[in-house]
Amino acid sequence: MTDNVRVRFAPSPTGPLHMGGVRTALFNYLFAKKHNGTFVLRIEDTDQTRYVANAEKYIINSLEWCNIPFDEGPGKNEKFGPYRQSERKDLYKQYADELLASGWAYYAFDTAEELDAHRKNHEEKGKTFIYNWHNREKLQNSLALSSDEVKAKIEAGEKFVIRFKTPKDETLVMEDEIRGTISVNTSTLDDKVLFKSDGMPTYHLANIVDDHLMQISHVIRGEEWLPSLPLHVLLYRAFGWDAPKFAHLPLILKPVGKGKLSKRDGDKLGFPVFPLEYLNEATGDVSRGYKEDGYFSDAFINMLAFLGWNPGTERELFTLKELTEVFDLKRVSKSGAKFSPEKTKWFNQQYMQLKSDSELSGAFALILAKKGLKIENSYIEKVVSLVKERAVFVSDFWDLASFFFENPSEYEAKAVKKQWKETTPDLMKELISVIEGIETFESENIETIVKAWITEKEVGFGKVMQPLRLSLVGALKGPHLFDIIEMVGKEATIQRLNNAISNL
Ligand code: GLU
């Protein structure tokens with residue numbers, strides 16, 4: 001398809017990166033990789049009032065954890081750098097000046113108080129104040145004032161902004177890769193500020209100038225930026241530059257009810273909305289992260305890929321590499337994508353099955369070490385292979401498998417009541433001597449011998465198997481009973497049977 005695909009992820013470092021932001025980064029990454037293109041990270045930090053110092057590091061760490069590193073960005077292949085807008089500050093003014101010179105922009109001196117007064121005034125009449133063609137000639141700007149007046153104001157050090165002069169009554173026809181053709185009448189737009197009185201460009205100017213200078217071919221970003229599209233398209237035209245292609249990704253919606261997924265939904269329903277845990281240094285608040293909650297990054301990414309995109313088949317599991325092969329902007333939907341915490345867990349559970357036992361046992365070993373258990377790796381691996389089917393997180397392993405490591409300290413009351421009968425202790429005593437006599441202590445062999453004994457005794461399988469399980473596990477759960485018996489060994493099996501006989 002397109003030659004030389006260059007896309008960018010352009011977050012503002014105002015706090016932790018929301019999972020919606022990660023999804024935007026992911027779609028950019030996938031698109032870039034699919035077309036052998038370049039994925040750029042640009043830090044949009046022109047709004048000094050909202051700047052948060054540790055946010056950039058957080059963003060970079062998040063991309064790393066997700067395995068979607070940028071090709072170019074702060075500190076990496078800086079061929080179009082710098083990649084922090086604050087470090088490009090001096091560059092933007094000349095572009096604002098260019099628009100002033102060509103008549104596409106104008107100085108405006110209206111103070112915040114004056115603008116507020118206009119707004120109020122309009123509200124009282126049931127109208128909305130829009131700074132544009134229909135009133136700009138009556139306001140404090142270089143279109144209304146003489147050039148001498150303008151010069152005098154600037155020389156006197158009066159504060160000014162630079163506004164875009166939006167054309168009047170033009171039907172602007174725009175293309176979006178996801179939404180198709182969109183048209184807007186320019187008369188409804190306001191004359192947005194491009195350059196602020198603090199000497200900084202606004203998002204709009206800096207974003208367009210940088211996308212141009214960094215030779216961005218496709219702008220892939222969230223739907224919330226769609227209202228800015230007309231201005232951006234007009235800016236490209238005003239500069240005489242070719243515009244990139246645009247694609248606005250659908251919103252991520254809350255799991256229940258309507259509206260955008262917010263951090264509050266996460267807190268309420270108990271799921272993270274951030275990739276990594278985040279400490280708000282100002283308040284001391286800590287927000288949960290997918291990583292720390294025990295999600296595998298590849299499961300998280302696979303889940304995110306399906307928020308607003310689908311491959312057109314029933315298949316749901318894709319590695320990152322496979323995603324880069326099948327991803328297509330044409331299959332991104334226009335309508336919002338509902339986030340589901342259950343589905344996210346499902347993905348994690350699926351990835352758990354795909355991970356090797358040795359990888360999982362490494363993570364489980366850390367949990368065991370914290371409990372003071374130093375166990376041989378091969379044993380942990382075997383345990384993992386037996387229980388992982390039922391696990392969503394590595395942290396589930398202990399609950400699912402503690403009986404592989406220690407004797408049960410209690411017995412589930414309901415099960416005891418139902419399964420531990422008056423005749424059980426004698427039966428278990430006999431079973432102990434059967435087990436004592438088994439030479440080859442391997443699951444299959446133990447099973448054959450124990451079952452043969454049960455058949456011979458004519459007591460019914462449940463009468464033996466359930467109390468046996470209860471004695472070994474403390475509950476009526478767990479994998480194949482004879483696997484457990486082989487694993488814990490003859491001695492521990494007999495000990496557990498004796499414990500149950502004396503305790504129950
Ligand atoms: N800085 C904007 C943001 O925080 C970038 C929007 C865009 O991609 O144009 O999302």
Side-chain angles (χ1 to χ4, degrees), residues 5-32 37-52 55-60 62-63 68 70 72-74 80 82-89 92 95 164 174 176-179 182 192-194 196 200-236 239 241 243-252 260-263 273-275 278 304 308 329 332:
V5 162
R6 290 179 54 83
V7 295
R8 85 302 192 268
F9 177 49
S12 299
T14 55
L17 183 61
H18 185 278
M19 58 194 266
V22 183
R23 200 258 327 240
T24 300
L26 173 65
F27 283 22
N28 274 284
Y29 173 90
L30 295 177
F31 186 77
T38 305
F39 175 46
V40 177
L41 174 68
R42 184 172 70 228
I43 302 295
E44 300 211 324
D45 56 352
T46 54
D47 188 350
Q48 293 298 313
T49 57
R50 296 181 60 217
Y51 180 74
V52 173
E56 179 184 319
K57 189 87 203 98
Y58 180 94
I59 291 165
I60 292 176
S62 300
L63 298 183
I68 49 171
F70 53 93
E72 262 174 43
F80 292 89
Y83 292 86
R84 278 183 207 100
Q85 288 186 328
S86 58
E87 292 169 13
R88 305 168 65 81
K89 191 175 144 193
Y92 303 112
Y95 290 97
F164 187 67
M174 300 162 287
D176 182 279
E177 299 293 293
I178 296 167
R179 285 147 215 279
I182 304 169
K192 280 268 185 300
V193 174
L194 300 177
K196 296 181 281 186
M200 279 292 225
T202 57
Y203 152 73
H204 302 293
L205 180 67
N207 188 270
I208 264 56
V209 166
D210 286 346
D211 281 348
H212 173 69
L213 296 179
M214 295 180 179
Q215 299 178 11
I216 297 303
S217 62
H218 293 74
V219 168
I220 303 170
R221 61 185 172 191
E223 180 176 330
E224 60 274 31
W225 301 103
L226 195 55
S228 302
L229 183 60
L231 171 62
H232 293 184
V233 167
L234 287 170
L235 276 169
Y236 279 101
F239 281 120
W241 298 336
K245 292 203 156 56
F246 291 95
H248 290 84
L249 307 175
L251 293 177
I252 299 181
K260 233 168 110 166
L261 177 71
S262 75
K263 179 170 171 330
V273 294
F274 302 119
Y278 180 78
L304 280 183
L329 280 178
V332 174

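Just so you know, these numbers come straight off a predicted model, no measurement behind them. First listed ligand is number 1; within each ligand, the first listed atom is number 1. Residues: numbered from 1 along the sequence shown.
Ring geometry for Phe246 versus His248: interplanar angle under 30°, hence parallel rather than tilted (30 to 60°). His232 and Tyr203 have tilted rings, their planes meeting at an angle from 30° to 60° on a 0 to 90° scale.
Among all non-hydrogen protein atoms, the one lying nearest atom 5 (C) of ligand 1 is Ala10 O, 3.1 Å. Scanning all protein heavy atoms for the shortest distance to atom 3 (C) of ligand 1 gives Trp225 CZ2, 3.4 Å. Protein heavy atom at the shortest distance from atom 1 (N) of ligand 1 is Glu44 OE1, 2.6 Å. For atom 4 (O) of ligand 1, the nearest non-hydrogen atom of the protein is Ser12 OG, 3.2 Å.
In this structure, Ile252 and Gly20 approach most closely via the heavy-atom pair CD1-CA, 3.6 Å.
At distances below 3.5 Å, not a single donor-acceptor pair connects side-chain atoms of Arg84 with backbone N or O atoms of Pro74. Using a distance-only test at 3.5 Å, with no hydrogens or angles considered, a donor-acceptor pair links the side chain of Gln48 to the main chain of Asp45. No donor-acceptor distance shorter than 3.5 angstrom exists from the side chain of Arg42 to the backbone of Gln85, with no hydrogens or angles considered.
For Tyr203, every heavy-atom contact with ligand 1 shorter than 4.0 Å involves the side chain, none the backbone. If you look at Asn207 next to ligand 1, the close heavy atoms, those under 4.0 Å, all belong to the side chain.
Numbered from 1 in the order shown, with element, the atoms of ligand 1 that lie under 4.0 Å from a heavy atom of Arg221 read 7 (C), 8 (O), 9 (O).
Residue contact check for ligand 1: Arg8 places a non-hydrogen atom closer than 4.0 Å to it.
Of the polar atoms of Pro11, none of the N or O atoms is found under 3.5 Å from an N or O of ligand 1, judged by distance alone.
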Stepwise side chain to side chain donor-acceptor pair (under 3.5 Å) check, Tyr83 with Glu72: CA-CA 8 Å; Tyr83 292 86; Glu72 262 174 43; 2.8 Å; yes

